[in-house]
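Structure first, commentary second.
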Amino acid sequence: MSSSPSQTDPLSRLREALAEAAAEAVPAGDASPATLEPPGAGGEGDYATNAALVLAKPAGEPPREVAERIAAGLSARLGDELESAQVAGPGFVNLTLSDGWHVAALSEVASAGQGWGAGSADPPLRVNVEFVSANPTGPIHVGGTRNAAYGDSLARLLAFTGNDVHREFYVNDAGSQVVVLGESVKARARGEEPPEGGYQGDYVEALAADIPGAADLPVDEVARAAVALMVAEAERSLARMRIVFDDWFHEHTLHEGEPSAVGRSLAAMGDQDRTFEEDGALWLRTTAFGDDKDRVLMRSSGEHTYFASDIAYHRDKLDRGFDLLIDVWGADHHGYVDRMQAAFEASGGEPGALELVIMQLVHLVEGGERAKMSKRAGEFVTLEDLIDDIGVDAARWFLLARSHETTIELDLALAREQSSENPVYYVQYAHARACSILERAAREGQEAGGKPASLHPSERALVRRLLEFPDEVAEAAARRAPHRIATWALAAAQDFSAFYRDCPVVGAEPDVAAFRLELCAATRDVLARALDLLGVTAPESMERDDQIR
RNA sequence: GCCCCUGUAGCUCAGCUGGAUAGAGCAGCGGCCUUCUAAGCCGCAGGUCCCAGGUUCGAAUCCUGGCGGGGGCACCA
């Protein structure tokens, strides 16, 4: 999928000028791998490019000589926009853009507002993001909460980059675990202990109390009622997390009808000779598609496996017209990735049309001590416990701020802290401050959009930070990495704080004040968008409600 | 045994499809509230980027081999 930012934003135009200057300097070379980025610690200027280093070999010349020509070409193309282009180090070209370029660039960000960084994927894809999909036999716990935050934020990113996104929760309501749930609830309703291997948590007793006549109803009816209650509770909990699913897909529907979806899928794979019988069971030859062993579809007992349902389910998603399926799974399911991919292809899916994202674990810590995950069997920290404790904003931030590929140590003491020590409040505070300045300026009748004679370095740095956002969004979406947005937002909040410190708005000379107001408005909008992509609120004010810190 | 993730500052982590003197938050030390929110700001200190080879003008980043941590390898869901 490509989701390139607008071709006409200031950075894209800079890259275009660079590409032209590079092609002119080394006609035989390909400068497309060259970077244009903020310089590293050793460099000066606003942007640095390694184009000359990339092109030195095809040019057959020392990099610094190539760099000189590129610098000259850029100067010729950019005119007043370019303050200087210096060759440095082994052959970098360091660019310093003029204040005028920054002012013009900001006005583009400001006029895009919250749409800054929005993409138009080409082509737009119909994407099905399936996430959480926790078994309806118990509450959603912390791992599922991370999965929820990630899946939702990924969906937001994919939508913002121009795709048609569908959020889906798969309810495993057809397996033997559901029967066990029914038995456990029924036992509790009769005042008995759940059976061996049954569900032990307090919620089982709550279910028993909420299902009229549970003690005497048939187990399958109790089970059905219990699943319905658990699903409703999951829906409520997820809504508290600001997550709304488009579809709650029930596994049992795959077994309804004649032939059922599962039956049709088995028959189709059979027709293609991709299944075989052995030891009284029906197997899928997943080894033909990269799995390390073949897998059972139908047990010798005649019952299908969950795997058979999964295959039919993914087939169903394709049949509903999605171009791309993304499944977000917990770490404990990574062993199923190869077989699912193999089965997906065996059942006619295009390689690449199914992505399986594995979430690593969450460890809760409390001020350095490993928090107790389970006091006794059946008790664990749930989604509800977590957001009651630290709040939705902090929960989403801390679960999203790190790569899904890494295990999280979530410090509850830090996340609970409503103070400067907590990064999520820091970012929200930057947003609130921007709002506060704008509100005050509006009261005093100041207007945004001036052209000051010169800019402060903090203003320039903040403008460039905002200009990064479209690339950051595209990268985060393409790499399925929402944590990049959190990293960017923190850096942007820091840049805004520097600007706030160095550049008073109210009381500044009119053109200066007008420019700074525009910068505040743009920062407010882009920060709000970044927070929204994470599902974190962007408050307009954060008045302290107590002075004790 | 095989598979996946991971090893970067005291702690938690960014950076990883190669770029210059490796960053942030927290913790530590020292400063800053008659000024648009001190839920803030400034400064200091803090590193064999797990180890060893290799590729490259250039490696935290790529390759190979080790070592450590976590998770997973059902006719369970």
Side-chain angles (χ1 to χ4, degrees), chain A residues 33 35 37 39-44 48-50 53-54 56-57 62-63 88-92 94 135 137 172 174-178 180 197 251 278-283 292-293 295-307 309-310 330-339 358-361 363 365 368 398 401-411 414 417-423 425-426 428-430 432-441 444 479 483-484 486-488 490-491 494 497-498 500-508 513 516 520 541-545 549:
Chain A
T35 57
E37 301 175 316
E44 301 197 345
T49 177
N50 64 354
L53 294 163
V54 172
K57 186 166 284 181
F92 292 98
N94 290 335
N135 274 335
T137 52
N172 286 104
S176 56
Q177 83 281 4
V178 171
V180 174
E251 180 186 359
E278 191 174 294
D279 300 332
L282 180 70
W283 299 68
D292 53 11
K293 57 173 292 196
R295 307 292 173 177
V296 171
L297 295 167
M298 189 88 78
R299 292 187 279 241
S300 47
S301 65
E303 297 171 299
H304 62 267
T305 58
Y306 83 95
F307 187 50
S309 298
D310 263 0
D332 55 340
H333 281 67
H334 96 257
Y336 303 95
V337 169
D338 284 351
R339 79 187 61 167
I358 299 300
M359 305 294 301
Q360 294 302 316
L361 305 177
H363 292 150
V365 293
F398 278 85
R402 303 203 170 106
S403 163
H404 65 92
E405 291 179 333
T406 195
T407 305
I408 290 182
E409 300 265 331
L410 201 170
D411 190 331
L414 174 62
E417 193 68 40
Q418 298 200 12
S419 76
S420 60
E421 292 156 13
N422 193 335
Y425 291 100
Y426 182 84
Q428 291 180 313
Y429 184 53
R433 263 183 167 170
C435 291
S436 159
I437 293 170
L438 288 160
E439 191 189 339
R440 174 156 171 180
E444 300 182 3
R479 292 169 63 161
H483 74 279
R484 287 179 160 260
T487 302
W488 180 88
L490 190 57
Q494 284 165 337
S497 293
Y500 175 86
R501 175 189 72 237
D502 296 331
C503 305
V505 178
V506 176
R516 289 175 180 175
C520 284
S541 75
M542 296 184 73
E543 302 295 340
R544 270 179 302 176
D545 51 21
R549 285 187 296 112

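Each chain gets a letter, A, B and so on, in the order the sequences are listed, and its residues count up from 1. Every heavy atom of this structure was used, including side-chain atoms; hydrogens, water molecules and symmetry mates were not.
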Complement of B:C41, any strand, by Watson-Crick or G-U distances under 3.5 angstrom:
B:G31
A:R339 CZ to B:C73 P, in whole Å, measures 8 Å
Determine: side-chain N/O of A:Q494 to OP1/OP2 of B:G25, distance under 4.0 Å, yes or no.
yes
Are any of A:R402's side-chain N or O atoms less than 4.0 Å away from OP1 or OP2 of B:U6?
no
Would you indicate what A:A486 reaches in the nucleic acid, counting non-hydrogen atoms under 4.0 angstrom: base, sugar-phosphate, or nothing?
nothing
Mate of B:A24 where both pairing distances stay under 3.5 Å, Watson-Crick or G-U:
B:U12
Going by atom types only, do A:E251 and A:S309 share a side-chain donor-acceptor pair under 3.5 Å?
yes
Let's test this: given Watson-Crick or G-U wobble pairing with both distances under 3.5 Å, identify the partner of B:G46.
none
Any side-chain N or O of A:R501 below 4.0 angstrom from OP1/OP2 of B:C42?
yes
Rounded to whole Å, the NE2-C1' distance (A:H404 to B:U6) equals 13 Å
B:C75 OP1/OP2 closer than 4.0 Å to side-chain N/O of A:T305
no
Only counting residues at least two apart or in another chain, list the ones meeting side chain to side chain contact (heavy atoms under 4.5 Å, CB included) with A:E303.
A:R299, A:S301
Within less than 4.0 Å of OP1 or OP2 of B:G25, is there a side-chain N or O belonging to A:Y425?
no
Answer for the Watson-Crick or wobble partner of B:C2, both distances under 3.5 Å, is B:G72
Nearest-Å distance once atom C1' is located in both B:U12 and B:G70
16 Å
Rounded to whole Å, please give me the gap between CZ in A:F398 and C1' in B:C26.
9 Å
Of the options B:G71, B:C75, B:U6, whose atoms approach the side-chain atoms of A:L361 most closely?
B:G71
Distance check: side-chain N/O of A:K57 vs OP1/OP2 of B:C57, anything under 4.0 Å?
yes
Could a donor-acceptor pair under 3.5 angstrom be found where the side chain of A:T406 meets the base of B:C5?
no
Using atom P of each nucleotide, how far apart are B:G68 and B:G28 to the nearest Å?
35 Å
Whole-Å distance between B:G25 P and A:L410 CG?
19 Å
Checking all strands, does A:A88 fall into the base, sugar-phosphate, or nothing category for heavy-atom contacts under 4.0 angstrom?
base
Between CD1 of A:I408 and P of B:U6 the distance, given in whole Å, is 14 Å
To the nearest angstrom, how far is A:I358 atom CD1 from B:C73 atom P?
12 Å
Mind checking who B:C62 pairs with, Watson-Crick or G-U wobble, both distances under 3.5 Å?
B:G54
Expressed in whole Å, how much space separates the C1' atoms belonging to B:G23 and B:G47?
12 Å
Identify whether a stacking contact exists between A:F92 and B:G19, where the ring centres must be under 5.5 Å apart and the planes under 30° apart.
no
Presence of A:H483 side-chain N/O under 4.0 Å of B:G15 phosphate oxygens OP1/OP2
yes
Whole Å only: how far is the OH atom of A:Y336 from the P atom of B:C75?
10 Å
Tell me if B:C33 is syn or anti. Syn = glycosidic torsion within 90° of 0, anti otherwise.
syn
Not counting sequence neighbours, which residues clear side chain to side chain contact (heavy atoms under 4.5 Å, CB included) with A:A441? List them please.
A:Q446, A:L517
Applying the 3.5 Å cut-off to both distances, the Watson-Crick or G-U partner of B:C36 turns out to be none
For B:C41, does OP1 or OP2 lie under 4.0 Å from any side-chain N or O of A:Y426?
yes
Expressed in angstrom and rounded to an integer, what is the separation of A:E409 atom CD from B:C5 atom P?
20 Å
